[in-house]
Amino acid sequence: QVQLVESGGGLVQAGGSLRLSCAASGRTFSTYARGWFRQAPGKEREFVATISYSTRYADSVKGRFTISRDNAKNTVYLQMNSLKAEDTAVYYCAAGPFLSVAVNPRDYHYWGKGTQVTIST
């Protein structure tokens, strides 16, 4: 059974940092794109970052967030710096069977259950 499990969320002050992790099990995702999305209350799920052979970021996080992956550990990370109140959301990791940098959540086949990130001001 394929599982994606996020960790690393929490409460942090504005300007602070968090590092999210997403560990996969049940299959190898080395040839899959791995992405991060987020959903704030009352809003649609939105793209944050994705990585395959290249990376792509939402404009709102560019320069502050960094996505990386460790295929040996089947894990993807999201380093989040200079956090803002508007970054508050549930963060989801995803995996898709392609090597492009897709931003549409419908392209991703596997999803984690999410981890809450709350930024206080």
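Just so we're clear, the structure is a prediction, and the values are computed from it rather than from any experiment. Position 1 is the first residue of the sequence; numbering continues from there.
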Query raised in the report: Looking at residues at least two apart in the chain, or sitting in another chain, which of them share a side chain to side chain contact (heavy atoms under 4.5 Å, CB included) with T66?
Result: Y57, Q79
Query - For S82, side chain to side chain contact (heavy atoms under 4.5 Å, CB included) partners two or more places apart - result: R64
Do [X] and [Y] share a hydrophobic cluster (ILVMFWY, side-chain heavy atoms under 4.5 Å, transitive)?
X    : Y   : value
V76  : F65 : yes
Y110 : Y92 : no
V61  : L78 : yes

Keeping to residues at least two apart or across chains, list the disulfide bond (SG atoms under 2.5 Å apart) pairs with something in [range].
range          : result
residues 23-85 : none
residues 43-78 : none
residues 37-86 : none

Requested in this report: Report the residues that fulfil side-chain hydrogen bond (donor to acceptor under 3.5 Å, both in side chains) with R56, sequence neighbours left out, ordered by chain and then residue number.
Outcome: none
Query raised in the report: Considering residues at least two apart in sequence or located in another chain, which fulfil the side-chain hydrogen bond (donor to acceptor under 3.5 Å, both in side chains) criterion with Q116?
Result: T118
**Report entry** I119 backbone acceptor or donor facing D87 side chain under 3.5 Å
**Finding:** no
Report task. Answer yes or no: is there a donor N or O on one side and an acceptor on the other, between the side chain of T75 and the main chain of K73, under 3.5 Å? Result -> yes
Query raised in the report: Distance from S30 atom OG to R69 atom CZ, nearest 0.5 Å?
Result: 7.0 Å
Query raised in the report: At what distance, to the nearest 0.5 angstrom, does OH of Y91 lie from CH2 of W36?
Result: 10.0 Å
Show the atom names and distances, to 0.1 Å, of all donor-acceptor pairs under 3.5 Å that link a side chain in residues 7-27 to residues at least two apart or in another chain.
residue : atom : partner : partner atom : Å
S17     : OG   : N81     : OD1          : 2.9
R27     : NH1  : Y32     : OH           : 3.2

For residues 93-108, tabulate all N or O donor-acceptor pairs below 3.5 Å that involve a side-chain atom, not counting sequence neighbours.
residue : atom : partner : partner atom : Å
N104    : OD1  : R106    : N            : 2.9
Y108    : OH   : T50     : OG1          : 2.8
Y108    : OH   : A102    : O            : 2.6

Query raised in the report: Are any of the side-chain heavy atoms of Y77 and D70 separated by less than 4.5 Å?
Result: yes
Indicate every side-chain donor-acceptor pair of residues 40-49 with a distance under 3.5 Å to a residue at least two apart or in another chain.
residue : atom : partner : partner atom : Å
E46     : OE2  : R38     : NE           : 2.6
E46     : OE2  : R38     : NH2          : 3.2

